[in-house]
Amino acid sequence: MDPHARYQSPLTSRYASPEMAANFSDNKRFSTWRKLWLNLAIAEKELGLDIPEGAIEEMKEHIYDIDYELAIAEEKKRRHDVMAHVHTFGVACPKAAGIIHLGATSCYVTDNGDLIILRDGLDILLPKLARVIQRLSAFAEQYKNLPTLGFTHFQPAQLTTVGKRATLWIQELLWDLRNLTRAREDIGFRGVKGTTGTQGSFLALFEGNHDKVEALDQRVTELSGFTEYYPVTGQTYSRKVDVDILMPMASFGATVHKIATDIRLLANLKEIEEPFEKDQIGSSAMAYKRNPMRCERACSLARHLQILAQDALGTASVQWLERTLDDSANRRICLPEAFLTMDILLTLLQNISEGLVVYPKVIERRISQELPFMATENIIMAMVKKGGDRQECHEHIRVLSHEAGAVVKMQGGENDLIQRIRKDAYFEPVWADLDLLMDPSTFIGRAPQQVDRFLTQYVQPALKPYAEILRQESKAELSV
């Protein structure tokens, strides 16, 4: 564990991607603070404040070489993390020591720094989400024509296709992509607002010149990589911003749980399985088992991601007046936890989606067990076309269906309804048509066409902003 970390998730070192772990590291946080102090000094100098010669260049040279031992010693003495790092930066930059943090409050670096880290975190997550959608879309395309038994209430229903079922997962992921993109685009900058958000300290620095204070706010915002700042704040940016970020992440958690649960159910039916390595062990006692451990882990982490939004909601609701400090410890846990958890879930989901195994023969056998009952209406209609009486035909079908059902339920046998129909002379007019009437592909409606339309009109446009990233990744994978 990093000895300089105030909080480090147990997810960080083992499971999170290097990019996301780095985004929530001490190096990222404290170097971002130094960049913010540099941006403030640059903007103040541009607007006429007397910033010492060479101070700017000196600050630029010492953004990343943080003396953590000194910072820890200072924080232990001062009991204030920001002032400890102001002092540590000043020691490294003696020409700038007197102007670092000039006019600012602690939240200038802590809140603006958090907003940068949250923005950058979403920039890591969104392409990964696009990649998962792309992988599942390829799966949907591959299996768009493969009939499979549909389920409602986890009871046999009408047929669908394996690919069509996958589009149900993809559609929810597309909504997650939309929601997280909105959250990313909505993130503003706290800017330079002073101790209670009135900009009073900066107004004093610029001797009452309101235009220069507004220009300072805008310039620091631009230097920090944002186009807009929040027009009003207290000492902190509104913690509702955290809610707006964590809620769509929690919603993504619900999507993952749904997908992983579906795969777990299908694994029990032996129709579809997650990847299973050659030497993987499913159970220490039962050597035959192939437990869906990836999907189980996904469900476990997805539930954790969902509840983290409650922290953000609770914190936003109890911020007294211009601010209170009971948000800090909570946010230092729930914000990185949410991003690290979602990052891991995306890696898991990509791994699962790239290695899904489909067993068509098992699917075909299950269809054959249920399709005879579903085909009865088609058989009745075919008999009517041959001159039969619908009510009389319905009664014959009813009797034979109950007999076949008893074989399945009472004797554990196969569904032999069609064999019974082939032996019943009443149905001789449609004997030659039974194979066509029982063709599973005639029971899937517009499922293949729906998949094609969905992928073309919805998925492809949503992935277009990530086309180059995905293309480069595919190229890199081919070269390995």
Side-chain angles (χ1 to χ4, degrees), residues 9 20 23-24 28-29 32 36 107-130 133 172-191 193 197 217 221 224-257 301-346 462 465-466:
S9 165
M20 191 60 77
N23 191 55
F24 285 94
K28 172 64 176 281
R29 178 170 301 280
T32 299
L36 288 164
C107 288
Y108 167 69
V109 288
T110 57
D111 272 38
N112 284 322
D114 284 350
L115 290 165
I116 290 170
I117 290 169
L118 296 177
R119 177 199 64 188
D120 293 352
L122 287 172
D123 285 343
I124 294 170
L125 294 176
L126 286 167
K128 291 187 175 186
L129 178 52
I133 292 170
E172 294 193 6
L173 291 170
L174 286 181
W175 292 337
D176 294 322
L177 185 69
R178 175 201 64 193
N179 295 342
L180 286 160
T181 299
R182 286 175 179 171
R184 165 64 179 85
E185 292 173 349
D186 283 348
I187 295 177
F189 195 61
R190 177 191 175 274
K193 298 297 196 296
D217 210 355
T221 298
S224 301
F226 289 80
T227 57
E228 295 184 1
Y229 54 78
Y230 296 118
V232 293
T233 73
Q235 189 175 88
T236 68
Y237 71 79
S238 170
R239 297 314 184 213
K240 197 170 178 67
V241 174
D242 297 342
V243 175
D244 289 346
I245 295 171
L246 262 61
M247 286 301 287
M249 295 175 77
S251 181
F252 167 77
T255 300
V256 173
H257 206 292
L301 291 172
R303 290 197 299 273
H304 180 56
L305 181 57
Q306 290 175 68
I307 66 168
L308 289 172
Q310 297 300 317
D311 270 352
L313 286 165
T315 296
S317 69
V318 297
Q319 290 307 288
W320 301 350
L321 307 175
E322 279 64 51
R323 87 134 328 157
T324 181
L325 197 59
D326 65 347
D327 62 334
S328 179
N330 185 290
R331 295 176 69 251
R332 291 186 192 212
I333 297 173
C334 73
L335 292 176
E337 278 280 317
F339 278 81
L340 292 164
T341 303
M342 181 167 173
D343 181 70
I344 295 164
L345 281 170
L346 285 167
Y466 306 95

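Using a 4.0 Å cut-off between a side-chain N of Lys or Arg and a carboxylate O of Asp or Glu, Asp114 and Arg331 qualify as a salt bridge. Salt bridge annotation for Asp217-Lys193: present, with a cationic side-chain nitrogen under 4.0 angstrom from a carboxylate oxygen.
The minimum heavy-atom distance linking Leu177 with Ala462 is given by the pair CD2-O, 3.8 Å. Nearest approach of Ile124 to Asn23, heavy atoms of both residues: CD1-CB, 4.1 Å. Closest approach of Leu305 and Ala338 over heavy atoms only: CD1-O, 3.5 Å. Nearest heavy-atom pair, Ser224 versus Arg119, reported as atom, atom and distance to 0.1 Å: O-NH1, 3.4 Å. When all heavy atoms of Ala183 and Pro248 are compared, the pair lying nearest together is CB-CG, 4.2 Å. Of all heavy-atom pairs between Met342 and Leu125, the closest is SD-CD1, 3.7 Å.
Aromatic pair Phe189/Tyr229: centroids not less than 6.0 angstrom apart.
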Step by step, work out the side-chain contact (heavy atoms from CB on, under 4.5 Å) result for Thr324 and Val318.
CA-CA 8 Å; Thr324 181; Val318 297; 5.8 Å; no
Between Thr233 and Asp111, does the side-chain contact (heavy atoms from CB on, under 4.5 Å) criterion hold? Intermediate values first, please.
CA-CA 11 Å; Thr233 73; Asp111 272 38; over 6 Å; no
Begin with the C-alpha distance, continue with both residues' side-chain angles, and end with the deciding distance and a verdict on side-chain contact (heavy atoms from CB on, under 4.5 Å) for Gln319 and Lys240.
CA-CA 10 Å; Gln319 290 307 288; Lys240 197 170 178 67; over 6 Å; no
Apply side-chain contact (heavy atoms from CB on, under 4.5 Å) to residues Arg239 and Thr236 and explain how you reach the verdict.
CA-CA 8 Å; Arg239 297 314 184 213; Thr236 68; 3.4 Å; yes
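Contact annotation: the side chain of Tyr466 never approaches that of Leu129 to less than 4.5 Å [non-hydrogen atoms, C-beta and beyond]. Considering only heavy atoms from C-beta on, Leu118 comes within 4.5 Å of Phe339 through its side chain. Between Ile116 and Leu36, some side-chain heavy-atom pair lies under the 4.5 Å cut-off. In this structure the side chain of Val241 reaches within 4.5 angstrom of the side chain of Leu115, judged on heavy atoms. In this structure, the side chains of Met247 and Leu313 come closer than 4.5 Å at one or more pairs of heavy atoms. Between Glu228 and Thr221, every side-chain heavy-atom pair lies at or beyond the 4.5 Å cut-off. At least one side-chain heavy atom of Cys334 sits less than 4.5 Å from a side-chain heavy atom of Leu246.
We find the CZ-OG1 distance between Arg190 and Thr110 to be 7.5 Å, quoted to the nearest 0.5 Å. Atom CG of Asn330 and atom CG of Asp242 lie 9.5 Å apart (nearest 0.5 Å). Atom CZ of Arg323 is separated from atom OG of Ser328 by 7.0 Å, given to the nearest 0.5 angstrom. Here CG of Leu180 is found 6.5 Å from CG of Leu122. Values are rounded to the nearest 0.5 Å. Distance check, rounded to the nearest 0.5 Å: CG of Leu345 to CE of Met249 gives 9.5 Å. For the atom pair CE (Met20) and CG (Leu346), the distance works out to 8.5 Å, reported to the nearest 0.5 Å.
Partners of Glu172 under the side chain to side chain donor-acceptor pair (under 3.5 Å) rule, at least two apart in sequence or in another chain, do not exist in this structure. The side chain to side chain donor-acceptor pair (under 3.5 Å) search around Asp120 returns Lys28, not counting sequence neighbours.
Side-chain contact annotation: His257 with Gln306, donor-acceptor N/O pair under 3.5 Å absent. Residues Tyr237 and Asn112 bring no donor and acceptor atom of their side chains to less than 3.5 Å of each other. Side-chain atoms of Thr315 and Asp327 form no donor-acceptor pair, as typed in the model, at a separation below 3.5 Å.
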